[in-house]
Amino acid sequence: MNLKFVNQAIPKLDGAALTGGKGVYTEDMVPRDCLVVQVLRSPHAHARIKSIRKDAASRVPGISCILTWEDVPQIRYTLAGQSYPEPSPYDRYILERTVRYVGDPVAIVAGRDKDCVAKAMGMIQVKYDILEPVLDFETALDNPVVVHPEEDYFHHFDIGGDPKRNLVSSGCDADGDVEAAMAACDVVVEGTYYTKANAQAMMETFRTYTYLDHNRRLNVVSSTQVPFHCRRTIARALGLPKNMVRVVKPRIGGGFGAKQTLVSELFPALVTLRTGKPAKIVYTRKESFQASNSRHQMRVHVKVGAMKNGTIKAVDMHALSNAGAYGEHASTTIGLVGHKSIPLYARQAAFRFSWDVVYTNTMAAGAFRGYGATQGCFAMESAMNELAEQLHMDPAQLRLMNLPHVGETMAAYYNEPLTSCKLPQCIERGMEMIGWKEKYPCVKVDDHRVRGVGMAVTMQGSGISAIDTASVTIKLNDDGYYTLMIGATDMGTGCDTILAQMAAEILNCPMERITVDGVDTDHSPFDTGSYASSTTYVTGMAVVKACTELNEKIAAEGARRLNIHPERAEFDGDKVYDRTNPETSIPLDQLAQELVVGEGTQWLTATASHCSPTSPPPFMAGFAEVEVDLETGETKVVDYVGVVDCGTVINKNLARVQAEGGIAQGIGMALLEDINYDPKGQMVNSTFMTYKIPCRTDLPEIRVEFEESYEPNGPFGAKSIGEVVINTPSPAIAQAVYNATGVRVRSLPITAEKILMGMEP
């Protein structure tokens with residue numbers, strides 16, 4: 001395939017603006033007279049509000065309003081940014097008499113500036129009836145403490161939940177007789193693995209600005225990944241018709257899934273509706289840690305059986321997930337734990353994947369890059385490394401002999417066919433890059449330092465099959481340039497750039513001729529938003545469809561003006577010409593101008609939608625080399641290699657940056673990130689002073705290469721890359737630590753203390 005723009009290292013369209021400090025974010029759009037909104041939050045993990053006295057606080061000069069549970073709509077909803085009908089339970093009110101975690105909203109305070117709002121918040125008197133909390137997710141199921149006893153709790157689907165048991169969701173997916181297959185195996189390994197509730201820690205905290213326009217419609221400007229889902233949820237929670245809500249998404253300073261959940265939008269919206277004035281809320285970093293959402297904390301038990309030759313015959317996995325105080329994303333995240341890890345090894349195996357998701361009195365979990373697959377990968381890949389040791393096999397060779405083949409149906413992956421895969425090549429290339437044969441399992445550096453290597457493989461998906469939809473409109477302007485209108489949300493990933501590359505490829509024009517419009521729910525075509533690794537694959541196909549249609553319309557309109565049969569017309573990006581007589585032609589800029597002048601005026605546009613019946617998985621092999629000080633337990637990653645199959649790489653620069661960033665986040669999850677609560681449910685590490693993420697000096701040179709397959713269902717053969725890149729570091733580093741020290745760490749993060757305690761006789 002001879003490509004001009006796709007598969008090239010094109011700079012980001014907004015790169016110069018961002019590096020020059022000219023990117024326009026939500027807070028940059030706020031007018032000076034905007035009300036400042038803050039939220040008074042519960043100091044208790046579980047309590048019932050007996051009374052709230054706000055009289056004195058309301059008299060503070062500059063205060064516009066103070067809203068409590070008595071002042072807001074009492075409508076159950078979910079904050080999950082998912083396609084309707086959402087599978088998440090409707091278990092929230094905006095403000096409620098029962099508070100369920102430290103940080104749950106109690107009152108909304110709005111005033112002319114931060115000082116008066118802070119003063120008023122300190123004067124609000126709240127009396128609580130303090131209740132016993134349930135903080136340990138392993139004891140939450142059937143606990144005497146019930147987090148959600150309310151009667152108006154409901155959900156659209158049977159997700160296996162029972163709130164009176166603190167059960168959000170449960171289920172089982174299986175194929176074959178697992179017990180019989182396991183009993184027939186020569187070697188069986190099993191282990192239980194724990195992952196923590198990691199914070200997304202994006203640069204821009206949550207923030208929203210709201211105002212009423214001249215038609216008294218509620219306008220919401222927000223840093224969100226899901227503008228259209230956001231509009232629907234705001235309308236429901238506030239009891240408004242959807243046509244009375246407009247959502248605008250400016251530049252986003254990162255999200256990583258955190259902004260797939262509505263966090264800040266409803267508070268200023270309520271203030272604007274109450275006062276008629278513009279209002280804004282900007283979360284502090286502490287609020288973003290304590291009162292938003294995180295990765296789901298999980299316990300995953302894995303049992304794998306194999307024959308002596310390494311053929312895997314049985315896989316049994318059970319996952320227990322901590323939803324926290326509310327269930328947004330709880331029933332969907334859990335599915336990826338097994339469905340994105342077991343298919344790699346279920347080719348000749350019986351499998352069973354079962355799960356339970358429970359409520360606790362901690363901050364609600366939500367979406368975070370990897371969305372459950374990350375936790376499942378840590379457990380499954382760790383078990384595979386343990387199995388390789390039991391079989392006395394090279395873990396790379398064990399994987400190579402069990403991987404699924406192109407053309408096969410993957411029963412453990414929703415019975416989808418595998419239509420593209422170069423994971424074997426990823427493994428082989430990664431082994432070469434890391435020096436696997438020379439370094440495996442470890443090399444002694446000196447009398448107290450050892451370097452070990454480890455590996456893992458993973459798969460993800462490309463959008464949510466048969467559910468999520470993207471639409472695109474492309475229009476030819478009167479000057480011969482194009483406007484590409486999308487509803488997808490660029491949150492720093494560069495999706496505006498890659499979609500423009502695809503449009504330029506189809507329209508055969510320089511990228512400078514294409515303007516990508518920002519997302520505005522009043523004007524943009526519908527898109528579910530940026531999540532589930534969907535933009536390149538799903539929205540990209542909508543771009544291909546729309547631009548192909550516009551190509552045909554331009555050729556047809558040119559043929560009409562050249563007085564030739566449409567079948568003879570050819571559009572080369574600059575002109576429409578007669579195939580049989582190329583001298584007969586009309587330039588695009590002339591055609592575009594004539595289309596808007598005089599009789600027969602028309603503005604050429606094309607709109608297309610795409611929803612894929614399948615979600616072709618991207619694949620990755622990750623290899624870690626770590627150095628461990630045997631005297632202190634200090635561990636550092638000295639080399640990391642990632643080799644990715646994401647189909648055709650649309651933009652080699654942006655794909656590499658995505659991979660490097662995801663690997664860096666995975667290293668943080670493996671070694672550093674450790675949210676904890678005290679016995680009263682207070683998060684103890686809610687700042688960057690106490691919650692550690694990797695800085696540049698903590699990271700090795702991250703080396704990334706691509707093994708490009710061709711996905712027949714994707715745009716130009718592409719699959720996704722956004723999430724798959726975060727999954728391999730945890731199990732690869734855990735195995736490298738084991739190879740260096742002999743200590744098997746099955747709970748994240750892998751700390752010096754765990755290593756030293758494991759080495760004690």
Side-chain angles (χ1 to χ4, degrees), residues 1 6 81-87 225-226 228-229 260 332 335-336 339-340 343 367 370-373 404 406-422 459-474 484 486-489 493 495 498-499 501-503 505-506 524-549 606-619 644-651 655 658 708-724:
M1 189 186 303
V6 167
Q82 297 172 308
S83 290
Y84 182 85
E86 301 96 341
Q225 295 174 222
V226 286
F228 286 91
H229 294 334
Q260 192 191 338
T332 46
L336 277 65
H339 292 134
K340 300 292 172 70
Y371 202 80
V406 172
E408 295 177 344
T409 296
M410 296 181 289
Y413 186 58
Y414 317 109
N415 286 310
E416 288 196 12
L418 182 59
T419 48
S420 62
C421 177
K422 283 202 174 177
M459 59 178 279
Q460 199 78 31
S462 300
I464 303 175
S465 58
I467 293 178
D468 282 351
T469 300
S471 300
V472 163
T473 296
I474 181 84
L484 180 63
I486 61 174
T489 307
T493 54
C495 79
I498 63 169
L499 296 176
Q501 285 178 253
M502 296 183 196
E505 195 70 54
I506 298 291
S524 302
F526 179 84
D527 193 294
T528 48
S530 291
Y531 62 91
S533 300
S534 62
T535 305
T536 298
Y537 178 73
V538 180
T539 309
M541 278 305 299
V543 169
V544 170
K545 289 179 179 179
C547 292
T548 300
E549 181 182 334
T607 298
S609 300
H610 185 68
C611 177
S612 176
T614 61
S615 178
F619 298 93
V644 186
D645 164 21
C646 57
T648 300
V649 180
I650 300 298
N651 187 308
Q658 283 267 51
E708 296 185 66
S709 62
Y710 184 85
E711 173 50 51
N713 300 306
F716 302 97
K719 299 184 283 191
S720 75
I721 192 173
E723 294 180 279
V724 71

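Only heavy atoms go into these numbers, but all of them, side chains included; no hydrogens, no water, no symmetry mates.
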Which residues pass the side-chain contact (heavy atoms from CB on, under 4.5 Å) test with [X], sequence neighbours left out?
X: Ser420; value: Ser709, Glu711, Lys719
X: Asn651; value: Ile10, Thr497, Ile498, Gln501, Asn653, Leu654
X: Pro85; value: His156, Phe157
X: Glu549; value: Lys553, Ala606

Listed partners of His610 passing ring-ring contact (aromatic ring centres under 6.0 Å, His included), at least two apart
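Checked His610 against ring-ring contact (aromatic ring centres under 6.0 Å, His included); zero matches.
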
Pairing residues for Phe228 by the ring-ring contact (aromatic ring centres under 6.0 Å, His included) criterion, not counting sequence neighbours
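Applying ring-ring contact (aromatic ring centres under 6.0 Å, His included) to Phe228 gives Phe526.
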
[X] and [Y]: side chain donor to acceptor below 3.5 Å:
X: Asn713; Y: Ser612; value: no
X: Ser720; Y: Gln460; value: no
X: Ser83; Y: Asp468; value: yes

Partner set under side chain to side chain donor-acceptor pair (under 3.5 Å) for [X], not counting sequence neighbours:
X: Lys422; value: none
X: Ser533; value: Glu723
X: Gln260; value: none
X: Thr548; value: none

N/O donor-acceptor pair under 3.5 Å between Glu708 side chain and Val649 backbone:
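Pair found, side chain donor or acceptor close to backbone of Val649.
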
Are Leu499 and Thr535 close enough that some pair of their side-chain heavy atoms sits under 4.5 Å apart?
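Result yes, sub-4.5 Å side-chain heavy-atom pair found.
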
